[in-house]
Amino acid sequence: MIPTAASGTASLVQSVDWIALAPPVLTAVVALVVLVADLFLPVARKPLLGWLATGGLALAGLSLLPLLGGDRRTFCVGGGDVCSYVADPFALAIQFLVLAGALLTALLSIDTVKDGGLPAGEYWFLLLSSASGAALLPASRDLATLVLALEVASLPAFALVGLRRGDRLSSEAALKFFLSSVAATAVMLLGVSFLYAATGSLHLTRVAHGLAHLADPRLATLASAGVALTLVGFAFKTAAAPFHFWVPDTYVGAPLPIAAYLSVIGKAVGFSGLILVTVKGFPSYAHVWGPVLAVLAALTMTVGNVAALRQDPGRTHSAVRLLAWSSVGQAGYLLVPIAAAAYADAPGRAIGSTVAYALMYAAVNLGAFAVAALVARTSPANRLTDYRGLATRRPLVALALGFFLLCLAGLPPGVIGLFAKVTVFAAAVDAGLGWLAVVMAVNVVIALYYYLRWTAALFHAAPQDAAASVDVTAGGAAAVRPVAARIPVPLAVALTLATVLGVALSGAPQLVLRFAAGTLL
């Protein structure tokens with residue numbers, strides 16, 4: 001007979017709320033379905049796997065609807081007070097970002113997989129597996145589940161980066177990404193083990209209580225080391241300087257949709273994990289992680305924007321490198337409200353600013369990568385100079401890219417970008433971090449230059465005939481590539497969705513701000 005709470009003993013059986021678990025579980029189930037279907041589909045019908053994966057991600061996104069307005073918990077102990085999985089508003093907001101971002105990535109990938117000769121079954125299985133881990137992480141409320149979700153999201157990403165067989169850049173990028181990520185994970189696991197030794201628990205609420213009541217100074221020292229090492233692991237996942245060195249080469253070597261995925265979903269994973277461990281797990285150590293994250297934010301935004309500023313427009317893959325360094329700079333902005341949460345009386349408001357900024361960044365950055373994927377179809381080198389005169393060749397696409405860049409810069413008509421930056425400024429000022437607000441203001445001015453330079457190039461006369469794009473082959477011969485007259489349907493849908501979302505939010509920015517305000521932890 002299993003003892004129950006009624007008999008005075010805690011139940012050994014944990015109930016499972018499958019509705020709460022639906023978003024990550026559905027994504028994982030579709031990943032398995034795709035893998036099995038790949039065994040039976042003939043080569044000519046492999047593109048169906050892409051649409052199956054896209055439909056699965058849409059279904060997983062719809063599974064969030066029954067969870068709205070509630071706070072469902074599962075895998076609980078201690079009478080239901082301490083749970084490993086919590087579907088609260090914060091988790092749902094990040095899960096929406098992850099699943100919507102993965103859906104747009106899937107649309108970008110359909111033609112890339114077909115035209116690039118990538119193994120369809122492996123690609124879609126890995127993408128869905130990574131998305132399931134990313135959807136699991138924001139709802140995780142113990143350190144073991146956090147680490148597990150982080151690795152489920154990260155390990156398939158390594159393979160996706162290196163999936164272009166025979167491509168030297170792809171192999172090097174995957175190896176660099178893998179080695180640096182494994183090192184960061186090892187450091188984080190060491191920190192988690194220290195925290196478990198000091199507090200006797202892995203649940204964030206119990207860890208927070210244990211850290212606040214450490215009587216033994218030796219355990220306090222062990223706990224401090226655990227906090228520091230855990231922060232290092234998540235700093236790598238967020239591409240915070242000086243743990244950002246893997247970003248530019250990884251983005252260049254990866255297929256463009258995967259670079260877009262890492263720039264948005266990878267950041268969502270890292271930042272949601274960082275928010276959970278700091279605000280929920282380490283509130284008594286706010287005097288430690290607050291200043292550290294403030295310094296990291298200042299360093300990250302400065303390194304990213306200065307490096308983006310120095311990109312040579314004629315260098316091969318310079319457009320992707322600029323987006324990579326820009327994503328590092330944006331990571332610095334995202335760190336500001338998290339640092340401010342250490343000083344604020346109501347840390348939830350500061351966290352809401354990070355969520356609002358992340359939602360804006362996801363929409364417009366995926367849109368920018370969608371345009372980069374389109375340009376790469378006729379100019380594989382993807383230089384910034386290849387975008388010169390894009391308004392003549394594809395006026396609507398050029399207008400969309402210009403809008404995305406202005407959103408990232410925080411200039412009208414990209415109103416949502418402006419509002420997101422204002423909320424981050426306000427979080428820093430309200431927390432008394434005036435010096436960090438000044439550093440951010442300087443970096444926003446630096447970023448204006450390279451965003452506006454790229455935007456202006458779109459409307460300049462093209463140096464070559466608008467009907468063709470010339471690339472030089474490895475042997476030195478010039479190959480004339482005609483500009484494609486038709487945009488592939490999945491790519492057009494992804495670009496349209498990103499544009500519509502960006503324009504709608506710019507017209508009513510209060511929607512995303514109210515949505516983010518409801519994610520208070």
Side-chain angles (χ1 to χ4, degrees), residues 47 50 104-118 123 163-164 166-170 251-261 263 311-324 326 365-405 453-499:
L104 287 178
T105 301
L107 290 171
L108 292 178
S109 301
I110 289 175
D111 282 278
T112 299
V113 172
K114 181 175 64 176
D115 299 339
L118 299 176
Y123 184 96
L163 205 57
R164 290 191 298 202
D167 188 311
R168 181 181 60 83
L169 285 178
S170 181
Y251 283 27
V252 168
L256 264 177
I258 300 306
Y261 178 85
S263 73
Q311 291 304 303
D312 179 5
R315 182 182 180 184
T316 303
H317 302 301
S318 56
V320 179
R321 285 188 177 276
L322 190 145
L323 287 173
S326 165
N365 207 60
L366 284 170
F369 269 102
V371 177
L374 175 61
V375 172
R377 294 177 63 83
T378 52
S379 301
N382 221 322
R383 299 175 292 257
L384 287 169
T385 53
D386 295 328
Y387 293 78
R388 191 178 178 91
L390 184 63
T392 302
R393 305 189 298 274
R394 297 190 185 275
L396 293 179
V397 173
L399 287 173
L401 179 57
F403 173 73
F404 297 140
L405 295 174
R453 181 178 63 177
W454 192 355
T455 304
L458 302 175
F459 302 95
H460 285 171
Q464 70 270 4
D465 180 14
S469 175
V470 180
D471 288 307
V472 179
T473 64
V480 179
R481 301 174 178 270
V483 175
R486 183 185 64 86
I487 303 177
V489 172
L491 181 56
V493 172
L495 183 54
T496 301
L497 287 175
T499 305

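In this text the structure is predicted, and so the values were computed from the model without any measurement.
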Considering residues at least two apart in sequence or located in another chain, which fulfil the side chain to side chain donor-acceptor pair (under 3.5 Å) criterion with [X]?
{"X": "Asn382", "answer": "Tyr387"}
{"X": "Tyr251", "answer": "none"}
{"X": "Thr105", "answer": "none"}

Check: Partners of Ala457 by side chain to side chain contact (heavy atoms under 4.5 Å, CB included), sequence neighbours excluded?
Finding: none
Margin query: Suppose we screen for side chain to side chain contact (heavy atoms under 4.5 Å, CB included). Which residues come up paired with Thr455, at least two apart in sequence or across chains?
Written below: Leu405, Phe459
Within-4.5 Å side-chain heavy-atom neighbours: [X] and [Y]:
{"X": "Ser326", "Y": "Trp454", "result": "no"}
{"X": "Arg393", "Y": "Thr378", "result": "no"}
{"X": "Arg388", "Y": "Pro313", "result": "no"}
{"X": "Ile487", "Y": "Val397", "result": "yes"}

Item checked: Among Thr499, Leu497, Val493, the one residue meeting side-chain contact (heavy atoms from CB on, under 4.5 Å) with Leu495 -> Thr499
Item checked: Option passing side-chain contact (heavy atoms from CB on, under 4.5 Å) with Leu256 (candidates Val320, Leu108, Leu323) -> Val320
Note to self: Between Ser318 (side chain only) and Leu384 (backbone N and O only), is there a donor and an acceptor less than 3.5 Å apart?
What the structure shows: yes
Checklist line | Main-chain N/O of Gly253 paired with Arg164 side-chain donor or acceptor, under 3.5 Å | finding: yes
What's the separation between atom [atom1] in [X] and atom [atom2] in [Y], rounded to the nearest 0.5 Å?
{"X": "Leu390", "Y": "Leu396", "atom1": "CG", "atom2": "CG", "value": "10.5 Å"}
{"X": "Thr496", "Y": "Leu491", "atom1": "OG1", "atom2": "CG", "value": "9.0 Å"}
{"X": "His317", "Y": "Arg383", "atom1": "NE2", "atom2": "CZ", "value": "9.5 Å"}

Could you tell me which non-hydrogen atom of [X] sits nearest to which non-hydrogen atom of [Y], and how far apart they are?
{"X": "Ala494", "Y": "Leu107", "result": "CB-CB, 3.8 Å"}
{"X": "Asp111", "Y": "Arg377", "result": "CB-NH1, 4.0 Å"}
{"X": "Arg453", "Y": "Gln311", "result": "NH2-O, 3.6 Å"}

All N/O donor-acceptor pairs, side-chain side in residues 365-375, below 3.5 Å, sequence neighbours left out:
| residue | atom | partner | partner atom | Å |
| --- | --- | --- | --- | --- |
| Asn365 | ND2 | Ser263 | OG | 2.9 |
| Asn365 | ND2 | Tyr361 | OH | 3.2 |

